[in-house]
Asks: 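Quick one: the structure is below, questions incoming.
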There are 2 protein chains.
Amino acid sequence: MTSAQVGQRVAGFIAACRRQGVKATRQRMEILRELAATGEHPDAETVFSRVRRRLPSISLDTVYRTLHMLQEKGVIARVPSMQDRARFDANMDRHHHFVCTVCGRISDFYSAALDSFAPPPAVRALGAVDSVHIELRGRCRKCRSELKKNK
Amino acid sequence: MTSAQVGQRVAGFIAACRRQGVKATRQRMEILRELAATGEHPDAETVFSRVRRRLPSISLDTVYRTLHMLQEKGVIARVPSMQDRARFDANMDRHHHFVCTVCGRISDFYSAALDSFAPPPAVRALGAVDSVHIELRGRCRKCRSELKKNK
DNA sequence: TCGCAAATAGGAATTATTCCTATTATGAGA
DNA sequence: TCTCATAATAGGAATAATTCCTATTTGCGA
Ligand SMILES: [Mn+2]
Ligand SMILES: [Mn+2]
Ligand SMILES: [Zn+2]
Ligand SMILES: [Zn+2]
């Protein structure tokens with residue numbers, strides 16, 4: 001995401017706050033800006049340490065509270081994870097993830113084929129499907145080359 | 001899974017323990033038995049409280065330790081989750097999950113179409129894919145009917 | 001600008017998980 | 001079957017992630 005796009009995203013959120021009678025605080029802006037600027041799907045602690053560079057007095061609790069609020073409002077998403085910490089994603093376009101089982105890195109990818117996937121009939125018995133998410137697991141480029149080096 | 005199938009599963013694990021020089025303890029058997037008997041993808045605490053009925057003195061730590069060990073050996077799998085607790089799955093057949101966004105319930109389903117999913121070319125740039133996991137999100141039957149009741 | 005409700009900072013509390021270590025019990029060998 | 005070495009366990013302490021509490025601050029409507 002370009003810096004201009006991030007700016008737009010934040011501006012849009014400010015407008016949404018006004019509309020919903022929610023305060024557009026500096027903390028909220030910076031947290032969203034930080035998340036929108038990266039494709040890394042960071043955890044709360046990572047967002048905290050980065051936002052802190054611009055808002056040195058921000059608290060970790062505010063980061064957690066804000067990330068949850070943004071998720072509730074549908075502005076960002078929480079990514080399911082095998083690890084024991086929550087990870088977040090500002091990319092709300094329909095997309096999927098490649099997860100490196102070595103370093104934990106999560107990368108986005110898109111698939112027209114999956115976007116038009118129709119759930120099998122057996123699924124209808126389970127419930128109403130709202131969305132489809134693919135997780136590909138493997139070893140990322142970086143981890144593969146490091147693996148090669150060490151052998 | 002039928003009770004007989006669960007028994008076979010546990011028997012197979014006992015044999016594997018012998019082969020690998022790992023002790024086949026009562027605790028390990030009961031933990032695996034409990035997980036194999038349910039399709040709920042329970043968390044450690046849930047497994048603990050159930051196994052406890054048969055082994056009242058088992059410790060929570062043993063449950064955590066054993067679940068990890070079983071996962072390391074490839075006997076069970078850890079399921080990625082949005083929640084802040086790890087969930088486990090004894091079903092090692094190739095399958096996918098329907099996750100209820102209201103109650104968190106995870107149900108298995110099978111799909112030949114999805115099993116043959118070929119990652120788009122862009123993924124090759126990210127790394128080497130080892131496995132494909134589909135997660136359908138929606139509202140399960142139960143949550144849907146309760147939703148209807150309350151409106 | 002003023003006043004107030006909403007939001008924050010900072011620390012305490014809670015929850016999930018892991019670590020530590022004295023004790024127990026599996027299983028190889030006699 | 002009995003014995004013994006040691007892998008594994010129980011239970012409690014420690015740690016890590018997240019949430020709660022509350023005095024103070026701040027956004028923003030009037
Ligand atoms: Mn993403
Ligand atoms: Mn499953
Ligand atoms: Zn990697
Ligand atoms: Zn449900």
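A quick note: this is a predicted structure, and the numbers were derived from the prediction, not measured. In what follows, chains are A, B, ... by sequence order, proteins preceding strands, each numbered from 1.
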Asks: In whole Å, I'd like the distance from the CZ atom of B:F48 to the P atom of D:dA10.
Replies: 9 Å
Asks: Check the distance between D:dC4's C1' and B:K23's NZ and give it to me in whole angstrom.
Replies: 11 Å
Asks: Please enumerate all protein N or O atoms sitting under 3.5 Å from an N or O of nucleotides 11-14 of chain C, with distances to 0.1 Å.
Replies:
none

Asks: Take the protein atom CD of A:E30 and the nucleotide atom P of C:dA7, then report the distance between them rounded to whole Å.
Replies: 18 Å
Asks: Shortest non-hydrogen contact from B:K73 to B:Q20?
Replies: NZ-OE1, 3.0 Å
Asks: Rounded to whole Å, how long is the line connecting atom CD1 of A:I58 with atom P of D:dT25?
Replies: 17 Å
Asks: In whole Å, what is the span from the CZ atom of A:R85 to the P atom of D:dT15?
Replies: 17 Å
Asks: Do any side-chain nitrogens or oxygens of A:T25 fall under 4.0 Å of OP1 or OP2 in C:dT8?
Replies: yes
Asks: Check this one for me: any side-chain N or O of B:Y64 less than 4.0 Å away from OP1 or OP2 of C:dT18?
Replies: no
Asks: Five pairs per end, C1' atoms only: what is the angle between the end axes of the helix from C:dT1-D:dA30 to C:dA30-D:dT1, to 10 degrees?
Replies: 30°
Asks: Counting only side-chain heavy atoms from C-beta out, which of D:dA8, C:dA9, D:dG27 sits nearest to B:V22?
Replies: D:dA8
Asks: Nearest to the side chain of A:S57, heavy atoms from C-beta on, is which of C:dA9, C:dT17, C:dA5?
Replies: C:dA9
Asks: Whole-Å distance between C:dT8 C1' and A:L67 CG?
Replies: 15 Å
Asks: For the atom pair OH (A:Y110) and CG (A:D93), what is the distance rounded to the nearest 0.5 Å?
Replies: 5.0 Å
Asks: Think B:R28 has a side-chain N or O under 4.0 angstrom from the OP1 or OP2 of D:dA8?
Replies: yes
Asks: Want to settle it: does A:R65 or A:A44 sit nearer the 5' end of DNA chain D, counting the closest nucleotide to each?
Replies: A:A44
Asks: Listed in order of residue number, which residues of residues 70-84 of chain A have a non-hydrogen atom at under 4.0 Å from DNA chain D?
Replies: A:D84
Asks: If you compare all heavy atoms of A:G74 against all heavy atoms of A:M92, which two are closest, and at what distance to 0.1 Å?
Replies: O-CE, 3.3 Å
Asks: Under 3.5 Å, is there a donor on one side chain and an acceptor on the other for A:R65 and A:T62?
Replies: yes
Asks: If only side-chain N and O atoms of A:H68 are considered, is one of them under 4.0 Å from the OP1 or OP2 phosphate oxygen of D:dT18?
Replies: no
Asks: Pick the nucleotide of DNA chain C nearest each of A:M69 and B:R18; which residue has the one closer to the 5' end?
Replies: A:M69
Asks: If you compare all heavy atoms of B:C17 against all heavy atoms of B:A24, which two are closest, and at what distance to 0.1 Å?
Replies: CB-CB, 4.2 Å
Asks: State the CG-NE2 distance between B:D89 and B:H97, to the nearest 0.5 angstrom.
Replies: 4.5 Å
Asks: Under 4.0 Å from OP1 or OP2 of D:dA10: is there any side-chain N or O of B:Q27 that close?
Replies: yes
Asks: Atom CZ of B:R19 and atom P of C:dG27: how far apart are they, to the nearest Å?
Replies: 14 Å
Asks: If you pin B:D43 and B:A24 to their nearest nucleotides in DNA chain C, which one's is more 5'?
Replies: B:D43
Asks: I need the minimum non-hydrogen distance between A:V51 and A:E30, along with the two atoms involved.
Replies: CG2-O, 3.7 Å
Asks: For a quick check under 3.5 Å, do A:N91 and A:H41 share a side-chain donor-acceptor pair by atom type?
Replies: no
Asks: Do the rings of A:F109 and A:H96 sit parallel, tilted or perpendicular, given the 30° and 60° boundaries?
Replies: tilted
Asks: Between B:L55 and A:C17, who's closer to the 5' end of DNA chain D by nearest nucleotide?
Replies: B:L55
Asks: According to a strict under-4.0 Å criterion, is A:T62 in side-chain N/O contact with OP1 or OP2 of C:dA9?
Replies: yes
Asks: What pair of heavy atoms forms the shortest contact from A:R52 to A:S49, and how long is it?
Replies: CB-O, 3.5 Å
Asks: B:L60 near the nucleic acid: base, sugar-phosphate alone, or nothing, with a heavy-atom cut-off under 4.0 Å?
Replies: base
Asks: Mind checking B:R26 for me? I need base, sugar-phosphate or nothing, with any heavy atom below 4.0 Å counting as a touch.
Replies: nothing
Asks: For the residue pair A:F117 and B:L136, establish whether any side-chain heavy-atom pair is separated by less than 4.5 Å.
Replies: yes
Asks: Which pair of heavy atoms, one from B:R78 and one from A:D84, lies closest together, and at what distance?
Replies: NH2-N, 4.4 Å
Asks: Backbone N or O of A:C100 within a donor-acceptor pair of the A:R105 side chain at under 3.5 Å?
Replies: no
Asks: What is the separation between atom CD on A:Q20 and atom C1' on D:dG27, rounded to the nearest whole Å?
Replies: 16 Å
Asks: Of the options C:dT17, C:dG10, D:dA10, whose atoms approach the side-chain atoms of A:S59 most closely?
Replies: C:dG10
